[in-house]
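Working notes, structure below.
To find a chain, count down the sequence lines: A is the first, B the second, and so on, and within it residues start at 1.
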Amino acid sequence: MSITKPLLEIRDLHVSVNDKAILQGINLTIGSGEVHAIMGPNGSGKSTLANLIARKEGYQVTQGHLTYLGEDLLTFSPEVSASLGIFLGFQYPIAIPGVTNAHFLKTAFNAQRKAQGKALLDAMDFLTIIKEKMALLDMPETLLYRALNDGFSGGEKKRNEILQMLLLEPKLALLDEIDSGLDIDALKAVAAGINANRSSDRAMILITHYQRLLDYVKPDFVHVMANGKIVKSGDKSLAIELENRGYAWI
Amino acid sequence: MANVQSPELKKIMEREYSAGFVTNIESDSIPLGLNEETIRLISAKKNEPDFMLQWRLQAYQHWLTLKEPHWAHLKYAPINYQNICYYSAPKVKPQVNSLEEIDPELLKTYEKLGIPLKEQERLSGIAVDAVFDSVSVATTFKDKLATLGIIFCSFSEAVREHPRLIQQYLGTVVPYTDNFFACLNAAVFTDGSFCFIPKGVRCPMELSTYFRINAVATGQFERTLIIAEEDSTVSYLEGCTAPMRDENQLHAAVVELIALDRAEIKYSTVQNWYPGDKDGKGGIYNFVTKRGLCRGIRSKISWTQVETGSAITWKYPSVILRGDYSVGEFYSVALTNHRQQADTGTKMIHMGAHTKSTILSKSIAAGFGQNNYRGLVRVTPNAHHAQNYTQCDTLLFGAHCGGHTFPYVEIKNKTAKIEHEATTGKISEEQLFYCRQRGMDTEEAISMIVNGFCKQVFKELPMEFAVEAQKLLSVSLEGAIG
């Protein structure tokens with residue numbers, strides 16, 4: 001991957017939540033087009049890292065820095081970072097009763113287009129686009145007209161996260177345990193969505209406990225986190241070794 | 001939580017109430033204060049028949065024996081009933097034959113409010129009765145409606161032109177003895193709308209009244225009476241605004257609805273009286289009695305209200321389900337921001353057999369707003385197999401507002417089936433973050449979440465009103481988070 005400027009650069013990042021140190025010196029560089037997998041046991045700080053990059057409030061950066069396209073990411077609000085191409089696929093997608101999925105998706109889509117200075121799409125054009133993406137994920141159209149994540153099954157929620165990624169075409173997608181709680185069909189659909197999103201100008205970070213997702217999505221890099229640090233980095237073979245030997249090995 | 005200090009949010013928070021302008025028009029106002037002479041003067045100015053004057057005077061005598069009620073969960077400075085002007089009218093001839101005769105200032109006022117009175121300029125078929133301070137200034141589409149036998153006119157005109165109907169129905173649902181504010185209204189009411197749908201007629205357009213308080217220190221006491229004869233239907237809309245003034249102004253209206261056999265009345269309100277400023281200065285005191293009587297078998301009365309204005313709201317649109325198989329509905333969104341207070345809800349009185357009622361209340365409190373749902377479901381001994389479903393949901397913003405629910409249930413018949421559900425919640429930071437992570441700003445996210453919360457009620461509103469209500473809600477809530 002020859003690129004001039006990395007998409008995301010994290011240097012010696014220390015982060016606390018309510019004065020408790022969670023991240024303790026993270027170093028990570030992500031270039032455009034790369035797919036990274038971050039693995040590690042519960043409580044190792046994976047979700048904290050993803051939420052911080054997506055600019056969720058409530059995290060104190062005590063040391064180090066984080067740059068996105070050469071700019072200090074910590075100065076951005078969640079909506080600004082979103083319109084600059086950062087996407088977080090939620091581990092637990094949030095329900096909004098009374099708001100249809102279609103309305104939510106269109107509002108999000110147009111909010112980003114507006115911020116990017118692009119023309120807004122009307123309902124008809126939007127539906128054409130979204131239905132095409134849904135077909136790819138094997139999602140029924142009826143899901144557009146149900147309230148967002150309200151009563152969705154685990155598989156429906158996760159597919160809907162991937163749908164949003166395909167719709168918004170982010171430069172950097174963070175997928176937090178997108179594979180948890182999925183049966184094999186849903187896992188395959190989600191993996192197909194992730195693979196469809198791969199391109200030379202889009203990077204992804206897959207946060208996962210298991211290497212089974214990585215059977216379908218081949219990462220360029222695998223990192224292992226423990227106690228708020230990246231303790232090992234390698235290629236796909238690292239994930240397999242980890243699966244065989246367990247986290248105790250590291 | 002979102003950063004309340006951002007300049008953008010601050011600007012929005014300080015945005016002014018958009019309907020708060022004053023129309024410069026000469027008014028014919030009577031001196032402040034209330035006594036028998038005031039009432040005779042009002043009645044004389046309106047050329048009323050004697051029965052009307054006598055009814056007013058009886059009401060006034062009764063009112064003198066009553067005390068202002070204070071059981072509601074509301075706090076406000078005492079009202080000085082002698083410091084109110086009980087009649088104010090634009091000085092031009094109030095009852096006009098054509099719109100050309102209306103003072104251009106008045107036409108401009110309604111246009112500014114988005115209510116063009118010129119019929120040809122209205123996009124959709126909505127007939128409007130415009131009430132300015134104490135009098136009705138225009139009623140549109142009257143002739144077209146008359147061909148169907150529908151009477152839609154100002155209340156004053158109805159008293160003069162249709163005294164038989166007035167005598168037959170006035171006070172049959174809300175008698176002047178009902179309560180303090182309804183009694184005051186009976187004594188001093190100045191105008192309002194009257195609507196009569198004859199047997200078997202489905203009213204082909206929405207009927208609408210637009211109330212506007214303009215004059216200073218003026219109370220508005222309007223009275224609306226809607227009668228739907230057998231097998232008729234009507235949908236009625238009510239909108240209200242007032243200028244921004246530092247003093248509180250009193251609004252004490254009465255609405256009576258009567259549905260005969262198989263008749264249906266749908267009454268929708270978007271109430272946006274001036275709510276006072278962010279520190280609670282000024283605003284309308286809204287003390288309103290609204291009640292419908294399902295007199296006939298299989299009749300139906302449905303109230304939908306969106307309450308975003310007023311400093312104080314005291315209002316319980318109710319249905320008396322007297323006819324067997326009659327249906328009562330109450331759908332409400334009430335929002336209180338800054339220092340606004342609302343005590344609102346409904347009463348469903350089941351008297352007939354197999355009567356059915358639905359109550360759906362959505363309360364939103366922000367800032368220092370206080371929002372109370374108060375509702376009564378009563379099933380009388382003869383109301384066999386009555387059914388009620390009640391759902392009350394409250395959404396709170398921040399730590400300084402309050403939401404309370406006071407549900408009263410009185411069941412005197414064992415066959416009744418009553419269900420009640422209630423929830424109280426806050427907009428979660430998780431929901432906000434989820435929306436913002438997808439690119440929406442905080443205001444947009446709140447607006448979306450709140451509109452979702454109110455959706456079940458909004459879908460009961462006529463299309464045009466639903467859009468207006470959504471916008472109004474967003475504007476009223478801007479700057480609420482902090």
* **Interface moiety of A/Leu84 toward chain B, non-hydrogen atoms closer than 4.5 Å** => neither

* Asked: Looking only at heavy atoms, what is the nearest atom pair of A/Arg55 and B/Phe433, with distance?
  -> C-CE1, 3.9 Å

* Structure fact -> dist A/Ser83:OG -> B/Arg436:CZ (nearest 0.5 Å) comes out at 11.5 Å

* Asked: Which atom pair, heavy atoms only, marks the closest approach of A/Glu79 to B/Met440?
  -> CB-O, 3.4 Å

* **Engaged part of A/Asp150 at the chain B interface, taking heavy atoms whose separation is under 4.5 Å** => neither

* Asked: Heavy-atom count around A/Lys157 NZ within 6.0 Å, excluding the residue itself: above 12?
  -> yes

* Nearest heavy atoms of B/Gly439 and A/Ala111, plus distance in Å -> O-CB, 3.4 Å

* **Partner chain B: residue of A/Ala54, A/Ala108, A/Pro170, A/Pro78 with the largest heavy-atom pair count (under 4.5 Å)** => A/Pro78

* To do: Output the option from A/Gln112, A/Arg113, A/Lys56 having the highest count of non-hydrogen pairs under 4.5 Å with chain B.
  => A/Lys56

* Asked: How about B/Tyr434 and A/Tyr92: are their ring centroids closer than 6.0 Å?
  -> no

* Heavy atoms from other residues, nucleotides or ligands near NZ of A/Lys133 exceed 12 (cutoff 6.0 Å) -> yes

* To do: Locate the shortest heavy-atom distance separating B/Gln431 from A/Pro97; write the atom from each residue and the value.
  => NE2-CD, 4.0 Å

* To do: Kindly check if the number of other-residue, nucleotide or ligand heavy atoms within 6.0 Å of CG (A/Asp138) is above 12?
  => no

* Asked: Roughly how far apart are A/Thr107 OG1 and B/Met448 CE, rounded to 0.5 Å?
  -> 3.5 Å

* **Between CD1 on residue B/Ile449 and CG on residue A/Leu148, distance to nearest 0.5 Å** => 10.0 Å

* To do: Find the distance between NE2 (A/His103) and CG (B/Asn451) and round it off to the nearest 0.5 Å.
  => 7.0 Å

* **Sub-4.5 Å side-chain heavy-atom contact between A/Phe109 and B/Arg438** => no

* Part of B/Cys435 lying under 4.5 Å from any heavy atom of chain A -> both

* Segment of A/Leu88 engaging chain B (4.5 angstrom heavy-atom cut-off) -> both

* Atom group of A/Ala115 that falls short of 4.5 Å from chain B, counting heavy atoms -> neither

* Structure fact -> When rounded to the nearest 0.5 Å, the distance separating CG of A/Leu174 from CD of B/Gln437 is 8.0 Å

* **Region of A/Ala147 in contact with chain B, defined by heavy-atom distances below 4.5 Å** => neither

* More than 12 non-hydrogen atoms from neighbouring residues, nucleotides or ligands closer than 6.0 Å to CG on A/Asp19, yes or no? -> no

* Does a sphere of radius 6.0 Å around NZ in B/Lys417 hold more than 12 heavy atoms from other residues, nucleotides or ligands, not counting ones at 6.0 Å or beyond? -> no

* Against chain A, label B/Gln456 side chain, backbone, both or neither, depending on which of its atoms sit under 4.5 Å from a heavy atom there. => neither

* Asked: Is the number of heavy atoms from other residues, nucleotides or ligands under 6.0 Å of A/Asp201 CG greater than 12?
  -> yes

